[in-house]
There are 2 protein chains.
Amino acid sequence: MKNSADQAADGPRACFIAAGLEVLGERWALLALREMSLGVHRFDQIARNTGASRDILVGRLRTLESHGVIERVQYSERPPRYEYHLTTSGAEVAPILISLAAWSSTWMRDETPRASYRHSCGADLKPVVSCAECGDEFTPGSLMFGPLVSAAGTDSASEQ
Amino acid sequence: MKNSADQAADGPRACFIAAGLEVLGERWALLALREMSLGVHRFDQIARNTGASRDILVGRLRTLESHGVIERVQYSERPPRYEYHLTTSGAEVAPILISLAAWSSTWMRDETPRASYRHSCGADLKPVVSCAECGDEFTPGSLMFGPLVSAAGTDSASEQ
DNA sequence: CGAGTTAGTTGGAAAATCCAACTAACTCGG
DNA sequence: CCGAGTTAGTTGGATTTTCCAACTAACTCG
């Protein structure tokens with residue numbers, strides 16, 4: 001029997017991690033979303049706080065918008081000006097930012113002082129990721145392949 | 001009073017999200033880690049399964065190694081050949097991959113069939129992220145800035 | 001010996017990013 | 001009304017990163 005983790009005599013793995021990275025994995029995308037998560041919505045401020053060059057940032061914001069992750073909200077008529085806000089989809093990027101921040105603050109502690117994060121209860125960021133179904137914590141290694149899925153829902157008999 | 005989320009009259013925000021992205025945010029890095037998480041450890045296979053070009057992949061693996069995220073394990077003497085394995089730090093990237101996969105499988109469902117993921121209990125991937133301290137679930141918006149931190153530990157009186 | 005495997009390396013083309021300066025369309029103080 | 005300031009971009013050209021296909025090295029196996 002073929003172990004599904006080996007795969008790919010064909011092409012690269014088409015999986016949801018790869019798909020997510022196509023949208024969120026481009027440079028500056030997650031940092032722009034971080035800003036909006038923290039309540040910063042204006043172009044200039046996002047550019048300043050992320051360090052992205054303005055031309056690239058325009059591109060990213062347009063891509064994120066076209067994928068429905070953020071939306072432009074007009075806040076001035078004359079001249080027409082827009083703010084960038086998270087959609088529901090964008091707000092749900094938070095767990096990714098949280099895990100990233102948590103990993104980083106555990107493993108990337110060098111001399112440079114950096115802003116840390118915390119939960120709204122006041123505690124230091126220590127997220128626990130658990131399975132909604134069985135309630136057990138996700139341990140490294142408890143991530144496994146499921147079936148192939150497309151628009152319709154659970155689809156196609158995985159592989160034979 | 002100055003809202004800490006506005007920040008940056010100075011430079012870009014130095015935070016742990018940005019720091020983490022410096023290591024994990026480069027192209028192919030997370031996909032390479034995905035492979036190792038799933039038990040694929042050989043160069044050729046990682047290259048094939050991710051789709052990364054071999055030269056770039058070599059660079060990424062070296063970077064990840066130099067940051068202690070992965071390590072090379074010799075599996076052949078003659079010729080000397082190495083496998084790539086996750087370190088503890090690397091294994092703890094799993095929550096990031098999990099949140100990414102979960103976000104993506106919720107929001108990126110188009111026609112293309114993709115491999116989904118599941119928890120080892122067999123259930124579809126539905127991770128819940130909660131605060132280790134208070135136990136409450138992280139909701140979008142419950143991520144906030146904490147103090148500045150450097151190597152020593154909790155450090156510097158944030159800002160004045 | 002010749003074919004196959006594995007992990008790279010190489011050179012040159014293509015794409016993405018950076019940067020500083022510039023534009024457009026306004027507001028506001030004097 | 002004029003000149004300075006604000007905001008959100010756009011532009012052109014340099015720099016960096018990535019891609020790609022082919023090539024090498026050091027073996028093993030039949």
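Each chain gets a letter, A, B and so on, in the order its sequence line appears, and its residues count up from 1. Nothing here was measured: the structure is a model prediction, and the numbers come from that model.
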Rounded off to whole Å, could you give me the [atom1]-to-[atom2] distance for the [X] and [N] pair?
X	N	atom1	atom2	answer
E83(B)	dA7(C)	CD	P	8 Å
I56(A)	dA8(D)	CD1	C1'	16 Å
L57(B)	dT17(D)	CG	C1'	15 Å
H41(A)	dT7(D)	NE2	P	15 Å
L61(B)	dT18(D)	CG	P	13 Å
N49(A)	dT7(D)	CG	C1'	15 Å
Q45(A)	dT6(D)	CD	P	13 Å
E26(B)	dA15(C)	CD	P	21 Å

I'd like to know if the side chain of [X] reaches the main chain of [Y], judged simply by a donor and an acceptor atom lying under 3.5 Å from each other, with no hydrogens or angles considered.
X	Y	result
S130(A)	D136(A)	no
S142(B)	F138(B)	no
W103(B)	S89(A)	yes
R118(B)	A123(B)	no

Answer yes or no: does a side-chain N or O of [X] lie under 4.0 Å from OP1 or OP2 of [N]?
X	N	value
W28(A)	dA16(C)	no
R27(A)	dC18(C)	yes
Y75(B)	dT5(C)	no
Y84(B)	dT6(C)	no

Of the options [options], whose atoms approach the side-chain atoms of [X] most closely?
X	options	answer
R60(B)	dC18(C), dT17(D), dA7(C)	dT17(D)
R72(A)	dC20(D), dG9(D), dT17(C)	dG9(D)
V58(A)	dG8(C), dA7(C), dT10(D)	dT10(D)
D55(A)	dC19(C), dA8(D), dT17(C)	dC19(C)

Which base sits across from [N] as a Watson-Crick or G-U pair, both distances under 3.5 Å?
N	value
dT10(D)	dA21(C)
dT17(D)	dA14(C)
dC27(D)	dG4(C)

Report yes if some heavy atom in the side chain of I56(A) is under 4.5 Å from a heavy atom in the side chain of R27(A); otherwise report no. no

Do H67(B) and T63(B) come close enough that some side-chain heavy atom pair is under 4.5 Å? yes

Test of understanding: clusters of I, L, V, M, F, W, Y form through side-chain heavy atoms closer than 4.5 Å, transitively. Do L125(B) and V128(B) belong to the same one? no

Tell me whether I70(B) is reachable from V58(B) by hopping between hydrophobic residues (I, L, V, M, F, W, Y) whose side-chain heavy atoms are closer than 4.5 Å. yes

Between protein and nucleotides 23-30 of chain D, map the contacts as a letter string: B base, S sugar-phosphate only, - none, heavy atoms under 4.0 Å, written 5' to 3'. ---BSS--

Of D44(A) and S53(B), whose closest DNA chain D nucleotide lies nearer the 5' terminus? D44(A)

